[in-house]
Participant: 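Have a look at the structure that comes next, please.
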Amino acid sequence: MTEYLKQILSDALTKFELDETPEIQLEAPKDPTHGDASTNLAMTLARPLRNNPRAIATQIIEALEYDERKISSVEIAGPGFINFRYAEDYLYDELASIIEEGEAFGKSELNSGKKVQIEFVSANPTGPLTVGHGRNAVLGDTVARLMEWTGAELDREYYFNNAGRQMRVLGQSVQARYLEILGKDSEFPEGGYEGEYIKDIAQELADEKGVALVDSDWTPFKEKAEQAIFADIDATLKRMNIHMDNHFNEHDLYENGDIESVVARLREKGLVYDADGATWFKTTEFGKEKDTVLIKSTGEPTYRLPDIAYHANKLDRGYDMCIDVFGADHIATYPDVLSGISALGYDKEKVDVVIYQFVTIVKDGKPFKMSTRKANFVTLDELMDEVGADVTRFFFLMRSPNTHLEFDIAQAKEAGEKNPVFYLQYAHARICSILRKAEEEYSFKIEVQLNLLKEDAETALIKTLFKFPKAIQSAAEAREPHRLINYLNDVASAFTTFYHDCRIIGVDADLAQARIALAKTTAQTLKNGLTILGITAPERM
RNA sequence: GCGCCCAUAGCUCAACUGGAUAGAGCAACUGCCUUCUAAGCAGUAGGUUUCAGGUUCGAGUCCUGAUGGGCGUACCA
């Protein structure tokens, strides 16, 4: 429809003498009395044509030729908006095609043919996933689903580092607990991991190997810990309905020579130099105040170097778009990565970073500072034990990534019944219940007469359903899943109004059949939307 | 000091990327279950969109400055 309106408007504009044709913007007015679609075209033309917007609007409308089967009226309103109203026939034709689409309704070709990779979670295996990782995980997975629904071919990747100081301390922490369990002398490492899960891992080792590891170094402890923690992380992700296609070990970038090659290539371009025993990247060339260390004087790379190599590696794999999901604490690092890859000759427009603000945990009414090392955290598993996976996912998605998310544990636990996710699920379950009853009451003809749907609540609901594909596209493009939630709330709300105003069971068979078709389509839309959010659509509640 | 993000109803947040009278959910108040699920619906109340300027037909949204908060600004990841 939007395309059609743009077409007829631009046809009308050919009758004006314009130096350049303006972009035609169409939007759905907030206030339904302003019609179903509207354009500010006359206002944007006011200046070039040196005429007042309402006069221009009048001329545009005079020049406009439209199909009365699609548009029932065109009006000028306010400062010069041109408002369109859909014809009833159009509504029924569209509804019929939505019914046809079924569980594919909402899909589009916006990103079709594009190979997209999204990297998210990427927590190193030092402990269970916490509520803090939850926002990253759910956001990444949902953006992935949105991209898939707009046609992209998508890979989900988990990037990790199982070497380095953190992992050594982890191994030593397990080692100390292991020795403790066997009653041997042990010294808990400085800054070691204090969580209970460390003891569990040590206990398992003691059960499996007995005293065989008493004289070992920390390596087997690290390996066991890594394996156990990854198994735990995978289980948590699975519980949240998240499946990774790939795990990428930072270590591979060293093994395959990518790290060295990146430094060499940058050096060739004169962007790398040695000073004070370290190797520096000339980030000043890219507008930064200071250059950045790539390799420390100890010979160890800083995290920026593998990050650059990793992104180069991704682009080498042929992705058209690579999306990273980062917490706000990484905000300073990605400009270096972008500088790095564009210096290497890659198109940095192909890397898109989704930054989300921190989750503030509120426990017992107070903000709660978390630390994996100190074992001060709330795990995602604990949270899901309390409120379930659906509520957990929904909670992380309902707000814009760009705003701080306050997660009140007590409220999340208590609020189960009042949580807005139930509003959507309830609407779905309610429709299913009606459909079950209706099947017993009626037997229907083959042909549905959708044109019997003439009540305000009915047409309003139909028009709301139309907006679904656009809601998905908007959420996908902005990488903001909460937009889809807002939309689904509109659907549920429009349905509830319909439910209260229009009975389904008890009216004559033809009308009942038309209303059932509408209810069914609403349920399908809710279900498709919830599927994108990774949330179940229950048939009974 | 410098950079990024944020500031909207008592609380938590929206506002389709500059559009028409700034909207929801909690919390408060008033109604509605012998009829398809009341986990619901209808209504009332609640706002100088932190402040001061600017840009234009039009600003919560853009630019400048101020104030308050978060995160960075390491040869930590």
Side-chain angles (χ1 to χ4, degrees), chain A residues 25 27-31 33-34 38-40 42-44 46-47 52-54 77-81 83 124 126 161 164-166 250 275-280 287-290 292-304 306-307 327-333 335 355-358 360 398-400 402-408 411 415-427 429-438 441 467 470-471 473-475 477-478 480 482-483 485-487 489-490 492-493 496-497 499-507 512 515-516 519 540-541:
Chain A
Q25 299 172 33
E27 57 171 30
K30 285 178 204 162
D31 184 342
T33 64
H34 293 138
S38 114
T39 179
N40 59 359
M43 278 127 81
T44 59
R47 175 162 288 209
N52 81 69
R54 289 190 68 106
F81 289 102
N83 295 339
N124 288 338
T126 57
N161 173 7
R165 197 189 57 86
Q166 274 185 51
E250 180 184 322
D276 306 327
T279 302
W280 297 74
K288 260 186 72 162
E289 278 188 25
K290 286 175 67 180
T292 308
V293 171
L294 283 185
I295 302 173
K296 302 185 233 173
S297 51
T298 58
E300 251 180 305
T302 65
Y303 64 95
R304 278 162 224 265
D307 274 2
D329 55 339
H330 284 69
I331 200 158
T333 91
I355 299 282
Y356 61 92
Q357 298 299 316
F358 268 34
T360 311
M398 60 189 287
R399 274 150 210 178
S400 158
N402 207 15
T403 164
H404 294 266
L405 173 61
E406 191 166 295
F407 205 124
D408 188 325
Q411 192 186 339
E417 284 201 350
K418 288 169 184 169
N419 197 300
V421 68
F422 291 111
Y423 184 69
L424 302 181
Q425 294 183 319
Y426 183 66
R430 194 184 235 177
I431 296 170
C432 292
S433 163
I434 295 168
L435 296 178
R436 282 191 298 270
K437 273 213 170 99
E441 301 274 330
K467 296 177 185 163
K470 206 187 160 201
Q473 290 171 15
S474 155
E477 272 185 300
E480 290 184 354
H482 76 280
R483 296 188 186 203
I485 289 183
N486 291 344
Y487 167 76
N489 269 314
D490 289 346
S493 165
T496 327
T497 303
Y499 170 83
H500 280 272
D501 291 358
C502 307
R503 287 199 59 82
I504 293 174
I505 293 168
V507 301
R515 286 182 173 167
I516 283 167
R540 294 168 205 271
M541 283 176 79

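Order of the sequence lines sets the chain letters (A, B, ...), proteins ahead of strands, with each chain counted from 1.
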Participant: Pairing donors with acceptors under 3.5 angstrom, does anything connect the side chains of A:Thr126 and A:Asn124?
Facilitator: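 Per modelled atom types, A:Thr126 and A:Asn124 side chains form no pair under 3.5 Å.
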Participant: With a 4.0 Å limit, can you tell me whether A:Lys290 has a side-chain N or O closer than that to the phosphate oxygens OP1/OP2 of B:rA74?
Facilitator: yes
Participant: Please check if the number of heavy atoms outside A:Arg436 that lie under 6.0 Å from its CZ is greater than 12.
Facilitator: yes
Participant: Base, sugar-phosphate alone, or nothing: which one does A:Ala77 contact when heavy atoms must sit under 4.0 Å apart?
Facilitator: base
Participant: Is B:rC11 in the syn range, within 90° of 0, or in the anti range?
Facilitator: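 This nucleotide is in anti.
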Participant: Return the nucleotide paired to B:rG53: Watson-Crick means purine N1 to pyrimidine N3 with N6-O4 or O6-N4, wobble means G-U with N1-O2 and O6-N3, both under 3.5 Å.
Facilitator: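 In the structure as shown, B:rG53 has B:rC63 as its Watson-Crick or wobble partner.
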Participant: Hey, does A:Ala427 reach any base, or is it just sugar-phosphate, or nothing, if we go heavy atoms under 4.0 Å?
Facilitator: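 If one applies the 4.0 Å heavy-atom cut-off, A:Ala427 turns out to touch nothing in the nucleic acid.
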Participant: Quick one: does A:Ser38 reach the base of B:rA20 with a side-chain donor-acceptor pair under 3.5 Å?
Facilitator: yes
Participant: Contact class for A:Ala278 vs. all strands (heavy atom < 4.0 Å): base, sugar-phosphate, or nothing?
Facilitator: base
Participant: Applying the Watson-Crick and G-U wobble criteria at under 3.5 Å, what pairs with B:rU73? Answer none if nothing qualifies.
Facilitator: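 Its partner is B:rG1.
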Participant: Taking only side-chain nitrogens and oxygens of A:Lys296, does any of them come within less than 4.0 Å of OP1 or OP2 of B:rA77?
Facilitator: yes
Participant: Side chain of A:Phe422 only, please: which of B:rC75, B:rA39, B:rC36 is the nearest?
Facilitator: B:rA39
Participant: State the pairing partner of B:rG23; accept Watson-Crick or G-U wobble contacts with both distances under 3.5 Å, and report none otherwise.
Facilitator: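 Its partner is B:rC13.
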Participant: Confirm from the modelled atom types if A:Tyr426 and B:rA39 form a donor-acceptor pair under 3.5 Å, side chain to base only.
Facilitator: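 Checked by distance alone, the answer is no.
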Participant: Can you find a donor-acceptor pair, distance only, under 3.5 Å between A:Asn40 side chain and B:rG19 base?
Facilitator: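 Indeed there is one.
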Participant: Base, sugar-phosphate or nothing for A:Asp276? Non-hydrogen atoms, less than 4.0 Å.
Facilitator: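 If one applies the 4.0 Å heavy-atom cut-off, A:Asp276 turns out to touch a base.
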Participant: Would you check if A:His500 stacks with the base of B:rG40, given a 5.5 Å centroid limit and a 30° plane limit, both strict?
Facilitator: no
Participant: Quick check on RNA chain B: between A:Asp501 and A:Thr333, whose nearest nucleotide comes earlier from the 5' end?
Facilitator: A:Asp501
Participant: Out of B:rA20, B:rA14, B:rC75, which has the shortest distance to the side chain of A:His482?
Facilitator: B:rA14
Participant: Nearest to the side chain of A:His404, which nucleotide is it out of B:rG70, B:rC13, B:rC5?
Facilitator: B:rG70
Participant: Are A:Arg430 and A:Tyr499 packed together at the side-chain level, in the sense that at least one heavy-atom pair is separated by less than 4.5 angstrom?
Facilitator: yes
Participant: So, do A:Asp329 and A:Phe358 sit near enough that their side-chain heavy atoms are less than 4.5 Å apart?
Facilitator: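 A side-chain contact exists here, since the closest heavy-atom pair is under 4.5 Å.
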Participant: Output yes when at least one side-chain N/O atom of A:Tyr487 is less than 4.0 Å from OP1 or OP2 of B:rA14, else no.
Facilitator: no
Participant: Could you classify B:rU37 for me, syn or anti, using a glycosidic angle within 90° of 0 as syn?
Facilitator: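 Base orientation relative to the sugar is anti.
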Participant: Using OP1 and OP2 only, check whether a side-chain N or O of A:Arg515 sits under 4.0 Å from B:rC36.
Facilitator: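 Result: no.
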Participant: Between B:rA59 and B:rG1, how far is it from one P atom to the other, in whole Å?
Facilitator: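 Rounded to whole Å, the distance is 34 Å.
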Participant: Students often get this wrong, so: under 4.0 angstrom with heavy atoms, is A:Ser297 touching a base, only sugar-phosphate, or nothing?
Facilitator: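 Base contact.
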Participant: Nearest to the side chain of A:His330, which nucleotide is it out of B:rA77, B:rA20, B:rA39?
Facilitator: B:rA77
Participant: Per the atom types in the model, does the base of B:rC36 pair as donor or acceptor with the side chain of A:Ser433 at under 3.5 Å?
Facilitator: no
Participant: Respond yes when some side-chain nitrogen or oxygen of A:Tyr423 is under 4.0 Å from OP1 or OP2 of B:rA38, and no when none is.
Facilitator: no
Participant: Work out how far the C1' atom of B:rU50 is from that of B:rC57, and round it to whole angstrom.
Facilitator: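 Nearest-Å result for B:rU50 against B:rC57 at atom C1': 28 Å.
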Participant: Rounded to the nearest 0.5 Å, what's the gap from CD1 on A:Ile504 to CD on A:Glu441? Could you check?
Facilitator: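 It is 12.0 Å, given to the nearest 0.5 Å.
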Participant: Rounded to whole angstrom, note down the P distance from B:rU61 over to B:rG69.
Facilitator: 23 Å
Participant: Ignoring backbone atoms, establish whether A:Lys288 has a side-chain N or O less than 4.0 Å from OP1 or OP2 of B:rC2.
Facilitator: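 No, because none of the side-chain N or O atoms of A:Lys288 sits under 4.0 Å from OP1 or OP2 of B:rC2.
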